[in-house]
2 protein chains.
Amino acid sequence: MTTINDVAHAAGVSPATVSRVLNGGRVTAERAERVRRAAAELGFAPNRVARSLRMRRSSLVGLIIPDIGNPFFTALARGVEDAAQRTSFSVVLCNTDGNLDKERRYLDIAIAERMAGVIVAAASRSRTDVSALQSRGIPVVAVDRRPRGASVDAVLVDDEEGGAAATAHLLARGYRRVACITGPQGTSTAEERLAGYRRALQEFLDDGPGAPAGEADLLRDYIRHADFKVEGGHAAMADLLALPRRPDAVFAANNLMAVGVLQAVREAGLEPPEIGVLSFGEVPWAALVQPGLTTVQVPSYDLGRTAAGLLLDRIAGTEQPLRTVVLRSSLQIGRTTAGPRSGMARRMSGKQQTPAEDPR
Amino acid sequence: MTTINDVAHAAGVSPATVSRVLNGGRVTAERAERVRRAAAELGFAPNRVARSLRMRRSSLVGLIIPDIGNPFFTALARGVEDAAQRTSFSVVLCNTDGNLDKERRYLDIAIAERMAGVIVAAASRSRTDVSALQSRGIPVVAVDRRPRGASVDAVLVDDEEGGAAATAHLLARGYRRVACITGPQGTSTAEERLAGYRRALQEFLDDGPGAPAGEADLLRDYIRHADFKVEGGHAAMADLLALPRRPDAVFAANNLMAVGVLQAVREAGLEPPEIGVLSFGEVPWAALVQPGLTTVQVPSYDLGRTAAGLLLDRIAGTEQPLRTVVLRSSLQIGRTTAGPRSGMARRMSGKQQTPAEDPR
DNA sequence: GTGAAAGCGCTAACAA
DNA sequence: TTGTTAGCGCTTTCAC
């Protein structure tokens, strides 16, 4: 394996000069050229391991995500990738499957490999611990989910707002028994989307034209916690549909659960918008699955790009106060939330229950 | 940052002894215990970079795949992960988007980082070049796709067999104008699945009950090359459906293109099995998209697990001849290929054209 | 079984 | 601008 010394020897210069040529130090054009030629002839490939040891930091950046099968995270990963592409850092992608042990293992590796920084979508809000990285001076940026208490830069989505907008939309379209299937307790996204749902319901009850007595209590029965996966969404929806007074609309707090919901809805012989269905986050191949699915659009790619930007800033060492960037979601209205009576009957009698509304 | 020397000092032993404790050398129990306690107290985390430099090889294994958005490859990645999990090696996942430049960049990084080995699903059969790795002694295993001419271990699927079985199945079910949408020219999977398609058609024409004149030529017009993506499959299918004599069945040579095909079929107002649709590789959430999609099942997870196994063998240095492992696919028959006249009419008149058949 | 010492390949401080 | 030198933190002879 040829080293920088071999190249130096071949070019008749010192190793330091070769290093300078490689890393943009000041070297006279003539010598630089000689070095480059020698390097090319010898097929020299700099040893990044040695470089990392010397610099006490590698040129690897870790990206830790909970579900590589979720298109949301793959889009996010692409965003990180593309941002890193223009730098000398390389991204290594780590999938935890939402498993805290796997996550811990990857965080340990990040330390052991002296990675330059880590972007993490935490498996758990309270139990993901990045303090070991921080105490060793490895910059950490949280994406999508914010670990509780950790003082890290973060790039988040306006989950609560998005959840509220989604729920308000369903209510505005005339649905009255609106259910919410949210994610596991202890993830910030699940909690905040649910909080948005609750807030929108409350506001509706407060402002609205006097709801029937007991309605508020009833609504509480329409909340389910699932696992952010297709199967969980399916089970939760089947459960909801088995209720004596089943919901007439559902807000699925992530994309995969929305797929499960649609599945359950179809199995029950129902067809949106007879029952309202709304997803938080784009559903892959949604057009085929369910044309016109109403969706809270989440800027997953930008989430990744922005997180990478913050991380690279930190790695560069720019002294900065802690930053939290919140990216805005936007409601894309489709046909699956047209209203409970928006079928044939509605089309014949004209619009009756779609009040003007602000799609945020 | 605490080092092995700090630990040695605290435990009153030499750095060499600490290293032995960490890596399973022979040390008396008493001293080993002292070392371990000191390490824990100091929060010592071994520096893998230094270790890699000294060992002239890192404990990272690269996995290079062309499409992180394709569930086939994410399943494969999980297989690799799980196999590596039980060793001291960590997997770094690299997504090339089928782009040769990106792929080259990742291969360069694998060299520069002195990775212990690389598993690669090549972006191109002829233009992906892993010789630089090999000449530097980095073991390479090809998975799913075999780079042409490269002498590497490989784990493949019986693509040609699978393609033939798929096509034979369609013919056996009574479809006569069977189209094939395959992948980009220059990927082994696309070429071999197409070859299987051709072989099955030929065998049918040879053995079968004399096809109408010109049939063989006609069939040639039913082949399309697309990009292994949803959009490509959609466009190709739309194109086929616009033919004056359009196909009555289609074999999509990968899962994502099958999604696009189903989309185009639906847009054309058709409904399988009126038109036969068959996918090579599982379609994500297929149950929802199209219940009962006939599929050539590909053992993606096992592909990854097996590839990791071969790679780890090589890394261990076991002297071995070059190995190619071919995993078998299996046809899972669903409703989308029940036969061109298998709708209402058929159900009433009893089975007419489903000869006995071997689902491999 | 244990320690001293050398060295993996690079970068950076310093001196020239 | 250039070369000399030291050292990043570990593993591994080799001698004891």
Side-chain angles (χ1 to χ4, degrees), chain A residues 1-36 38-39 42-60 88 108-109 111-116 136-138 317, chain B residues 1-36 38-39 42-60 88 108-109 111-116 136-138 317:
Chain A
M1 199 63 130
T2 86
T3 75
I4 210 174
N5 292 292
D6 303 331
V7 175
H9 190 82
V13 300
S14 78
T17 299
V18 177
S19 175
R20 288 186 189 109
V21 172
L22 262 44
N23 301 301
R26 314 191 95 60
V27 180
T28 52
E30 187 265 336
R31 304 180 77 118
E33 186 46 34
R34 246 168 45 216
V35 168
R36 263 187 282 273
L42 296 173
F44 170 67
N47 184 332
R48 279 226 236 172
V49 177
R51 180 174 211 270
S52 300
L53 178 59
R54 177 60 229 238
M55 310 254 294
R56 318 174 86 170
R57 175 219 288 171
S58 91
S59 37
L60 262 24
S88 56
D108 287 345
I109 290 171
I111 294 175
E113 293 285 352
R114 298 299 189 268
M115 290 192 186
R136 287 176 170 81
I138 299 179
Chain B
M1 199 65 127
T2 87
T3 75
I4 209 175
N5 292 291
D6 303 331
V7 176
H9 191 82
V13 301
S14 76
T17 299
V18 177
S19 174
R20 289 187 186 108
V21 171
L22 262 43
N23 300 301
R26 314 193 98 54
V27 180
T28 52
E30 188 264 336
R31 310 185 76 143
E33 185 46 34
R34 245 165 50 214
V35 167
R36 263 187 281 273
L42 296 172
F44 171 66
N47 184 332
R48 280 227 235 171
V49 177
R51 179 172 211 270
S52 300
L53 178 60
R54 177 60 228 238
M55 311 255 292
R56 316 175 90 175
R57 176 221 285 173
S58 92
S59 37
L60 260 24
S88 57
D108 286 346
I109 291 170
I111 294 174
E113 294 284 352
R114 299 298 188 267
M115 290 192 186
R136 288 176 169 81
I138 299 179

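Below, each value reflects all heavy atoms present in this structure, side chains not excepted, and no hydrogens, waters or symmetry copies. Note that the structure is predicted; figures quoted are calculated from it, not measured. Throughout, a chain's letter reflects where its sequence line sits, starting with A, and its residues are numbered from 1.
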Which is the 5'-most and which the 3'-most nucleotide of DNA chain C that has an atom under 4.0 Å from a heavy atom of chain B?
C/dG1 to C/dG9
When the distance from CZ of A/R54 to P of D/dC8 is rounded to whole Å, what number comes out?
8 Å
To the nearest 10 degrees, how far apart in direction are the end axes of the helix from C/dG1-D/dC16 to C/dA16-D/dT1, each fit to five base pairs?
30°
Partner residues of A/T3 under the side chain to side chain donor-acceptor pair (under 3.5 Å) criterion, sequence neighbours left out:
none
Just jot down the side-chain contact (heavy atoms from CB on, under 4.5 Å) partners of A/R20, sequence neighbours excluded, or say none.
A/A16, A/T17, A/V27
Set of residues satisfying side-chain contact (heavy atoms from CB on, under 4.5 Å) with respect to A/I111, sequence neighbours excluded
A/R114, A/A132, A/L133, A/R136, A/I138, B/A45
In short, A/S14 meets A/A8 closest at the heavy-atom pair C-CB, 3.6 Å
Rounding to an integer number of Å, can you tell me how far B/R57 CZ sits from D/dC10 C1'?
16 Å
Qualifying residues under side-chain contact (heavy atoms from CB on, under 4.5 Å), relative to B/M55, sequence neighbours excluded
B/R51
Just by modelled atom types, is the B/A11 backbone N or O under 3.5 Å from a matching donor or acceptor in the B/R34 side chain?
yes
Near-strand residues of residues 42-53 of chain B, defined as heavy-atom separation under 4.0 angstrom from DNA chain D
B/F44, B/P46, B/N47, B/A50, B/R51
On the nucleotide D/dT12, are OP1 or OP2 found under 4.0 Å from the side-chain N or O atoms that B/R26 carries?
no
Can you check whether B/T3 has a side-chain N or O nearer than 4.0 Å to OP1 or OP2 of D/dC8?
no
Listing time: all N or O pairs from protein to nucleotides 13-16 of chain D that are below 3.5 Å?
none

Check this one for me: any side-chain N or O of B/S19 less than 4.0 Å away from OP1 or OP2 of D/dT12?
no
Tell me, please, which residues at least two apart from B/A112 pass side-chain contact (heavy atoms from CB on, under 4.5 Å).
A/R48
B/R54: which residues meet the salt bridge (charged side-chain N to carboxylate O under 4.0 Å, His left out) condition with it, sequence neighbours left out?
none
